[in-house]
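Written out below as structure tokens is the structure these notes cover.
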Amino acid sequence: MTTSPERPARHRGLFLLGPAFVAAIAYVDPGNVAANVSGGATYGYLLVWVLVVANVIAGILQYQSAKLGLVTGMSLPELLGGRLRTAGRRAFWVQAEVIAAATDLAEVVGGALALHLLFDLPLVLGGVIVGVVSMLLLGAQSRFGQRPFELVIIGLLAVIAIGFVAGLFVTPPDGGEVLDGLVPRLRGSGSLVLAASMLGATVMPHAIYLHSALARDRHGTPTDESALRRLLRATRWDVGLALGIAGIVNVGILLLAAVDLRHLPAGDTITAAHAVIGRSVGAVAALVFAIGLLASGLASTSVGSYAGATIMSGLLRRRIPILVRRVVTLIPALIVLGLGAQPTSALVISQVVLSFGIPFALVPLIAYTGDRSLMGGFANGPAVRLLMLAVIFVIVALNVTLIVLAFA
């Protein structure tokens, strides 16, 4: 799944776009949908600013991950695997795999819920179908390479965007209230919990691990400094466009909930949202919403399995067929669905588990991108390192708050 680091990037323009769009799927997964629907339905436009801040943070971190892969010719897991002792490397792999499994659980549950909303299928059967379709996507990636896989994911991202934003054209939000929502403020402990959930769930460890490999595998590592600088400029465009679309989708979900889903009925958040959209906006809007959720589950679970294989390869220095890995990580999600867990609750719990893994991805990222022995003249300066330290502090603090409040 890797490309020789000596191969220079010979193409220009739009051909250079793609790796960031795969990573961006992590930012529009079913967990984000649940958090954004809850935020808009409960607090209206109040938390728009949280999503804007989260998207800026995500862009910074994803670019740094891609830069690491392009400059060093190694993914973040490979760098960790080469610098940790055997015991530490294996322990790091265990926590990374737990986080990857928690991520995959959310994606499969979200896709299964979408199939239930669309076709009234049992959740377990829906989970199996999501797993099978994601295997087909991963099989195509293994056979035809990364570029076709990227194009499929970009297509699914387009479906996600249409599915979650289309309702705004039927019942547009109030422009003045949207601008007012850009002013940072909270309203009680409940809004703090949702803000922590929305920001904390935005930064996905598996997307950070994966992006360094995606950029390196697609473009290689040019030995010519001017070519590398040109490639890094293209990567900034790639990240900006991909995360910009993801940000628009997330804000769109919150605005849709703020306009049409105020006082959402108690129960499963996403199911209730689908029902209310059908009554207030129309059956077509509800159908498009469910299709967007299905595309989100299918795309994100495929990307999550891809990330898990990258983590295992880098930290254990072993490869297993990515389809075998897909089957193994599908089992916990099917068990959760089989036990009758409420889908939205399962999504929230998976995000809490996910939050434990964020520091393990971010701390090495800031250390390696600031290391001149690794990055040479492309190492981050003091200002960028300070900015990334502030980002890490905010994310970790909010996730600790989320965990404490969740268990309290």
Side-chain angles (χ1 to χ4, degrees), residues 1-7 19 22-23 26 61-62 64-104 134-135 137-139 141-146 149 204-223 301-332 354 356-371 373-376 378:
M1 195 187 301
T2 60
T3 303
S4 170
E6 298 301 322
R7 179 179 58 83
V22 176
L61 296 177
Q62 292 302 142
Q64 292 298 324
S65 176
K67 176 182 173 182
L68 181 69
L70 291 172
V71 174
T72 66
M74 300 180 72
S75 69
L76 179 56
E78 286 171 344
L79 286 167
L80 284 163
R83 296 192 165 207
L84 295 174
R85 295 180 181 274
T86 302
R89 179 164 50 83
R90 290 174 178 170
F92 200 100
W93 170 75
V94 169
Q95 67 80 27
E97 287 295 338
V98 170
I99 298 307
T103 302
D104 199 47
S134 65
M135 286 181 199
L137 290 175
L138 292 168
Q141 187 276 334
S142 298
R143 180 173 181 181
F144 300 110
Q146 185 172 323
F149 180 71
M204 297 291 191
H206 73 288
I208 295 172
Y209 293 128
L210 178 62
H211 203 164
S212 56
L214 286 171
R216 185 275 316 275
D217 291 350
R218 166 72 103 79
H219 302 304
T221 306
T223 54
T301 193
S302 301
V303 172
S305 294
Y306 195 167
T310 300
I311 292 169
M312 174 173 281
S313 174
L315 289 170
L316 290 191
R317 303 169 189 167
R318 296 179 181 176
R319 295 181 182 275
I320 62 171
I322 197 169
L323 297 182
V324 173
R325 179 182 174 78
R326 165 71 279 181
V327 173
V328 171
T329 55
L330 180 63
I331 293 173
L354 185 66
F356 283 100
I358 292 176
F360 290 97
L362 298 192
V363 172
L365 180 66
I366 187 174
Y368 292 158
T369 52
D371 186 344
S373 66
L374 272 176
M375 304 289 290
F378 293 93

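All values below were derived from every heavy atom in this structure, side-chain atoms included, with hydrogens, water molecules and symmetry-related copies excluded. Just so we're clear, the structure is a prediction, and the values are computed from it rather than from any experiment.
- Contact between Pro19 and His219 at its shortest, heavy atoms only, is CG-NE2, 4.1 Å.
- In this structure, Thr369 OG1 and Gln64 CD are separated by 5.0 Å, a value rounded to the nearest 0.5 Å.
- At a threshold of 4.5 Å between non-hydrogen side-chain atoms, the residues Gln95 and Ile99 count as touching.
- Using a 4.5 Å heavy-atom cutoff, the side chains of Met74 and Leu68 are not in contact.
- A distance of 11.5 Å separates CG in Asp104 from CD1 in Ile331, rounded to the nearest 0.5 Å.
- Atom CZ of Phe360 sits in a sparse spot, with 12 or fewer heavy atoms from other residues, nucleotides or ligands closer than 6.0 Å.
- Considering every non-hydrogen atom in both Pro77 and Leu315, the closest pair reads O-CD2, 3.7 Å.
- From Asp371, atom CG reaches atom CD1 of Ile366 across 12.5 Å, with rounding to the nearest 0.5 Å.
- A donor-acceptor pair under 3.5 Å is absent between the side-chain atoms of Lys67 and the main chain of Met375, judged by distance alone.
- The OG1 atom of Thr72 lies 4.5 Å from the CG atom of Leu79; values are rounded to the nearest 0.5 Å.
- Taking CG of Leu316 as the start and CZ of Phe92 as the end, the distance is 12.0 Å to the nearest 0.5 Å.
- Listed here is the closest heavy atom pair of Leu76 and Ile208: CD2-CG2, 4.0 Å.
- The nearest pair of heavy atoms linking His206 to Gly304 is CD2-CA, 4.0 Å.
- Considering all non-hydrogen atoms of both residues, Leu80 and Tyr368 come closest at CD2-OH, 3.6 Å.
- Remark: side-chain polar atoms of Ser212 are not paired, donor with acceptor, to backbone N or O of Ser65 under 3.5 angstrom.
- Judged purely by atom type and a 3.5 angstrom limit, His211 uses its side chain to pair as donor or acceptor with the backbone of Gln62.
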Candidate pair Leu210 and Tyr306, rule side-chain contact (heavy atoms from CB on, under 4.5 Å), full reasoning: CA-CA 8 Å; Leu210 178 62; Tyr306 195 167; 4.1 Å; yes

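- One finds the CZ atom of Arg83 at 15.0 Å from the CZ atom of Arg89 (value rounded to the nearest 0.5 Å).
- Closest approach of Leu374 and Val71 over heavy atoms only: O-CG1, 4.4 Å.
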